[in-house]
Amino acid sequence: MSLMRNVLLAGSTNPWLRERATKAAFVKRSVRRFWPGERLEDALEAAKRLKSEGITTILTALGENLTKTEEAEEVTRHYLDAFDKAAAAGLDAHISVKPTQLGLDLDRAMCERNMDRLLEKADERNNMLWIDMEYSRYVDPTLELYCHARAKSRRIGVALQAYLYRTEKDLERLLPLGPAVRIVKGAYLEPPDVAFPKKADVDENFYKLCVRLMSPEGQRAGALVHIATHDAALIGRLREYAATHAVPSSSYEFAMLYGIRVGLQKKLVAEGQRLRVLISYGEHWFPWYMRRLAERPANVWFVVKNIFG
Ligand SMILES: Cc1cc2nc3c(=O)[nH]c(=O)nc-3n(C[C@H](O)[C@H](O)[C@H](O)COP(=O)(O)OP(=O)(O)OC[C@H]3O[C@@H](n4cnc5c(N)ncnc54)[C@H](O)[C@@H]3O)c2cc1C
């Protein structure tokens, strides 16, 4: 993985940089490309626009690693309201949360209770709650949260990261549950004893994990896979697998990020594929934005161009 990626990911947790970058007008201008705004209403407006193009959505409020229990309560209430507002707007918009937003670092039991409240709301609204995957140190508690929730309802999904060596085994453990799994490559800085250092290995693992979920065994168990990538080659290979193995279209969906590879998004929908776009909104965008820059260091040029308006 490139040096630039590592530098940008290290910068994502730097308070000095965050303080300065979030005040710079040119950074704010460049973030707009991937982010509809600070308010839930901005995200709902973006979701309505996508709906008119045949694209469903997932909403997530930015913010992670909270330090006060009151903040976790506030985030939980925010998402309860988001479920209601998405329903009132007639949107097919799932909600996705980070366990550390619900207080995982502060009090595990409280985080579980907050997750339960959101899942009850997802059930009430016939909607779906997703759990993001964060740094590798959170994988065990996140999967525990997922299994606890999955015992109560099917309306819960979890992200698994293809860059982690352990993910193949984690998926085998989850498969009998007929899980809803979002396969992603992984967006955090992880050491080589934890994550594949070579992109080609991550890509191959991504393919294998998606195929496992679409396999006859995965299908019998009732698995759903969100193929969450902008990688046209992987998307092509997985479409080919689905077509040649007659995988029902109800058991997989493509998922991409708001504002990224919009042309590919439109093409997939025009070709009859199901696509869900994840819309991130809210004021705490700095670490998330740095991860987006790290995914494609060419984006840094976009920031530079914005210095000149
Ligand atoms: C719906 C969704 C949910 C996600 N949830 C999580 C999660 O819970 N945990 C987690 O660790 N990660 C998550 N991610 C991020 C993911 O791990 C990757 O970092 C991200 O998707 C980029 O990888 P890629 O699969 O698109 O492939 P890459 O090989 O990185 O990119 C493929 C191509 O896509 C384009 N592209 C990719 N990223 C960008 C960008 N930022 N700007 C412009 N073009 C770009 C480029 O053309 C690139 O060549 C999520 C991603 C998606 C789409």
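Both counts, for ligands and for their atoms, begin at 1 and track the order of listing.
Here H226 has no heavy atoms under 4.0 Å from ligand 1, in either its backbone or its side chain. At a 4.0 Å heavy-atom cut-off, ligand 1 does not touch F206 at all. When non-hydrogen atoms are compared, ligand 1 lies under 4.0 Å from the side chain of R261 (C-beta onward) but not from its backbone. Counting heavy atoms under 4.0 Å from ligand 1, residue M256 touches it through the backbone alone.
In terms of protein heavy-atom proximity, atom 28 (P) of ligand 1 is nearest to K185 NZ, 3.5 Å. In this structure, atom 36 (N) of ligand 1 lies nearest to the protein heavy atom I260 CG2, 3.9 Å. Counting protein heavy atoms only, atom 52 (C) of ligand 1 is closest to L257 CD2, 3.4 Å. For atom 17 (O) of ligand 1, the closest non-hydrogen atom of the protein is G186 N, 2.7 Å. Among protein heavy atoms, the minimum distance from atom 42 (N) of ligand 1 is reached at N299 ND2, 2.8 Å. Regarding atom 46 (C) of ligand 1, its nearest protein heavy-atom neighbour is R296 CD, 3.5 Å. Scanning the protein heavy atoms around atom 26 (O) of ligand 1, the nearest turns out to be H230 ND1, 2.7 Å. Among protein heavy atoms, atom 41 (N) of ligand 1 sits closest to R292 O, 2.9 Å.
Around atom CD of E168, no more than 12 heavy atoms belonging to other residues, nucleotides or ligands sit under 6.0 Å away.
No hydrogens or angles considered: a donor-acceptor pair under 3.5 Å links the side chains of D105 and Y138. A donor-acceptor contact closer than 3.5 angstrom is absent between the side chains of Y188 and Q161.
Annotation: Q161 places an N or O atom under 3.5 Å from an N or O atom of ligand 1; distance criterion only. Residue contacts with ligand 1: T229 is placed with a nitrogen or oxygen under 3.5 Å of a nitrogen or oxygen of the ligand (distance criterion only).
Shown in contact with A255 at under 4.0 Å from a heavy atom are these atoms of ligand 1, numbered in order with element: 1 (C), 53 (C). The ligand atoms of ligand 1 that sit less than 4.0 angstrom from a heavy atom of D132 are 8 (O). In the vicinity of M133, heavy-atom distances shorter than 4.0 Å reach the ligand 1 atoms 7 (C), 8 (O), 9 (N), 10 (C), 11 (O). For ligand 1, the atoms closer than 4.0 angstrom to any heavy atom of A159 are 8 (O). If you number the atoms of ligand 1 from 1 as listed, the ones under 4.0 Å from a heavy atom of K199 come out as 29 (O).
What you find for Q265 and L257 is that their closest heavy atoms are NE2-O, 3.1 Å. The heavy-atom pair separating T229 from I235 by the smallest distance is O-CD1, 3.6 Å.
Both tests hold for R237 against Y207: distance to the six-membered ring centre under 6.0 Å, angle to the ring axis within 45°. Geometrically, R137 engages Y135 in a cation-pi contact defined by less than 6.0 Å to the ring centre and at most 45° from the axis.
Closer than 4.0 Å to atom 31 (O) of ligand 1 lies none of the heavy atoms of the protein. Put simply, atom 48 (C) of ligand 1 has no protein non-hydrogen atoms near it, under 4.0 Å away.
Residue nearest to atom 14 (N) of ligand 1, selected from V277, I58, T60, V184: V184 (by heavy-atom distance).
Ring pair W130/H226 is parallel by interplanar angle, where below 30° counts as parallel and above 60° as perpendicular.
Salt bridge annotation for R113-E73: absent, with no cationic side-chain nitrogen under 4.0 angstrom from a carboxylate oxygen.
Rounded to the nearest 0.5 Å, atoms CD (E112) and CG (L102) are 11.5 Å apart. One finds the CG atom of D203 at 11.0 Å from the CZ atom of F196 (value rounded to the nearest 0.5 Å). Expressed to the nearest 0.5 Å, how far OG of S96 lies from CD1 of I58 amounts to 6.0 Å.
Listed by chain and number, the residues in a side chain to side chain donor-acceptor pair (under 3.5 Å) with R274 amount to none (sequence neighbours excluded).
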